[in-house]
S.K.: 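Dropping the structure in here first, questions after.
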Amino acid sequence: MEQYAKISCTSRYVPEKAVSNQELSTMMDTSDEWISSRTGIRSRNIVTKENTSDLCTAVAEKLLTRSGRTADELDFIIVATMTPDFNTPSVACFVQGNIAATNAFAFDISAACTGFVYGLSLGEKLIRTGKKLGMIIGGETLSKVLDWEDRSTAVLFGDGAAGVLLEACEKQHFLKEKLQADGQRGHSLTSGYTQNNNPFYTESTEYSNFLQMNGRDIYDFSLKDVTSNLLSVVEEDVDYLLLHQANKRIIEKISKKVKVPREKFLTNMEHNGNTSGASIPLLLDESVEKGILTLGSNQKIVLTGYGGGLTWGSILLTL
Ligand code: B82
């Protein structure tokens with residue numbers, strides 16, 4: 001019998017310290033009015049101690065507690081992140097070790113704000129081809145890659161992690177998807193350049209280690225390429241759309257372009273800021289907690305990620 005995948009549990013973990021726009025305005029030349037009118041962000045949570053693997057481990061532990069599953073039942077752990085603790089080991093391996101998921105293989109996905117959507121798509125294929133249970137987690141500590149002297153980027157991002165359990169079932173929940181990338185435009189959003197310091201190397205640093213973005217270019221990308229991607233999967237009877245939470249203006253514009261009412265687009269950038277790979281699963285778990293979304297309800301939703309790479313993609317699924 002054919003085997004399908006479904007999301008059977010969600011969870012999230014954000015660090016304790018909330019930083020308001022007001023607090024940021026005491027540290028740099030900015031204001032609540034400037035940030036909130038352009039982005040819809042009022043507050044974000046920032047780590048004071050934890051790294052990405054700590055946030056993701058908390059998410060994984062919650063997923064196990066909530067679902068009643070045990071770590072040894074897991075076949076795989078996928079973490080979407082652009083801010084791993086190390087380049088190696090992966091964050092997913094830290095999580096695997098921390099929860100002792102001894103039967104799971106584990107790896108990270110590097111697809112910036114699209115990472116969770118890429119990871120969920122891949123996880124679904126793993127289940128369709130025989131695996132029974134996996135975790136897809138998006139987790140970031142973007143605060144460590146921000147230039148805290150640059151008011152144009154430092155105010156936009158936040159830290160956090162969230163994820164889902166993906167399990168085998170008999171009904172098809174994943175209905176459509178379209179994943180895309182354009183490496184030729186990759187330099188419009190970069191982070192974490194590593195300078196080569198080997199004794200033979202003669203080039204000097206060309207790129208910043210900090211997160212840098214060309215706002216205008218990626219804004220135009222989100223309105224043009226992401227809109228057409230979303231149009232290729234969206235259906236008339238879709239209940240809710242969960243887009244990457246970069247900026248409320250992007251969501252308002254895309255809503256008009258795809259002619260889907262703004263109320264169907266869920267948002268939470270107001271209190272989380274832009275959490276890159278964590279933004280979509282954070283929105284998913286918060287919406288489940290609020291009762292807007294219910295697992296097992298058959299609600300039809302679209303998840304759309306877009307960001308560095310450039311990468312973008314949408315999945316249409318039922319809960
Ligand atoms: S912005 O360039 O300052 N701008 C658009 C002209 C103001 C509305 C800006 C700001 Br502020 C915040 C975010 C963006 C943006 O376009 N972000 C993204 C676009 C595509 C993919 C990812 C992102 C992201 O920020 O994660 C623009």
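Both ligands and their constituent atoms are indexed starting at 1 by order of listing.
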S.K.: With a cut-off of 4.0 Å, which atoms of ligand 1 are near a heavy atom of Arg38?
M.R.: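 In order of numbering, the contacting atoms are 8 (C).
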S.K.: Does one side chain, of Ser276 or Glu140, offer a donor that lies under 3.5 Å from an acceptor on the other?
M.R.: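 Their side chains do contain a donor-acceptor pair, which is all the 3.5 Å distance test asks for.
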S.K.: Any side-chain heavy atom of Leu303 within less than 4.5 Å of one from Phe116?
M.R.: yes
S.K.: Quick check on contacts: which atoms of ligand 1 are under 4.0 angstrom from a heavy atom of Thr39?
M.R.: 11 (Br)
S.K.: Using a distance threshold of 4.0 Å (strictly less than), state whether atom 3 (O) of ligand 1 has a protein heavy-atom neighbour.
M.R.: no
S.K.: Where is the nearest protein heavy atom to atom 22 (C) of ligand 1: which residue, which atom, and how far?
M.R.: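 The closest heavy atom on the protein side is Tyr306 O, 3.5 Å.
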S.K.: Between Asn229 and Ser232, is any side-chain donor less than 3.5 angstrom from a side-chain acceptor?
M.R.: no
S.K.: With a heavy-atom distance limit of 4.0 Å, tell me whether Arg216 approaches ligand 1 through its side chain, its backbone, both, or neither.
M.R.: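 Under 4.0 Å from ligand 1, Arg216 contributes backbone and side-chain atoms.
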S.K.: Among all protein heavy atoms, pick the one closest to atom 20 (C) of ligand 1 and tell me residue, atom and distance.
M.R.: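 The closest heavy atom on the protein side is Ile218 O, 3.3 Å.
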S.K.: Return the closest protein heavy atom for atom 10 (C) of ligand 1 as residue, atom name and distance.
M.R.: Asn247 ND2, 3.4 Å
S.K.: I'd like to know whether CZ of Arg151 has more than 12 heavy-atom contacts from other residues, nucleotides or ligands below 6.0 angstrom.
M.R.: no
S.K.: Taking only heavy atoms of Tyr219 into account, list the atoms of ligand 1 that are under 4.0 Å away from them.
M.R.: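 Near Tyr219, the atoms of ligand 1 are 5 (C), 6 (C), 16 (O).
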S.K.: If you measure from each non-hydrogen atom of Arg249 to ligand 1, which part falls under 4.0 Å: side chain, backbone, both or neither?
M.R.: side chain
S.K.: Regarding Lys125 and Ser121, do their side chains bring together a donor and an acceptor under 3.5 Å, going by distance alone?
M.R.: yes
S.K.: Near Cys113, which atoms of ligand 1 are under 4.0 Å from a heavy atom of that residue?
M.R.: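 In order of numbering, the contacting atoms are 26 (O).
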S.K.: Give, for atom NZ of Lys300 and atom CD of Glu235, the distance between the pair rounded to the nearest 0.5 Å.
M.R.: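 It is 4.0 Å, given to the nearest 0.5 Å.
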S.K.: Compute whether any side-chain donor of one residue and acceptor of the other, for Asp285 and Thr10, lie under 3.5 angstrom apart.
M.R.: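 Yes, side-chain donor-acceptor contact under 3.5 Å.
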S.K.: Short N/O distance, under 3.5 Å, between Trp34 and ligand 1?
M.R.: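 It does not: no N or O of Trp34 is found under 3.5 Å from an N or O of ligand 1.
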S.K.: Got the closest protein heavy atom to atom 15 (C) of ligand 1, with its distance?
M.R.: Ile250 CD1, 3.7 Å
S.K.: Is a side-chain donor-acceptor pair under 3.5 Å present for Asp217 with Ser188?
M.R.: no
S.K.: Got the closest protein heavy atom to atom 14 (C) of ligand 1, with its distance?
M.R.: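 The protein heavy atom lying closest is Met213 CE, 3.9 Å.
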S.K.: Please write down residue, atom name and distance for the protein heavy atom closest to atom 27 (C) of ligand 1.
M.R.: Gly215 O, 3.9 Å
S.K.: Check the side chains of His271 and Glu286 for a donor-acceptor pair under 3.5 angstrom, ignoring hydrogens and angles.
M.R.: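 The answer is yes; a qualifying pair exists.
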S.K.: Report yes or no: do Arg12 and Asn272 form a side-chain donor-acceptor pair below 3.5 Å?
M.R.: no
S.K.: Using a 4.0 Å heavy-atom threshold (strictly under), name the region of Asn274 that reaches ligand 1: side chain, backbone, both or neither.
M.R.: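 For Asn274, the contact with ligand 1 is made by the side chain alone.
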S.K.: Show me which atoms of ligand 1 lie under 4.0 Å from any heavy atom of Gly307.
M.R.: 21 (C), 22 (C)
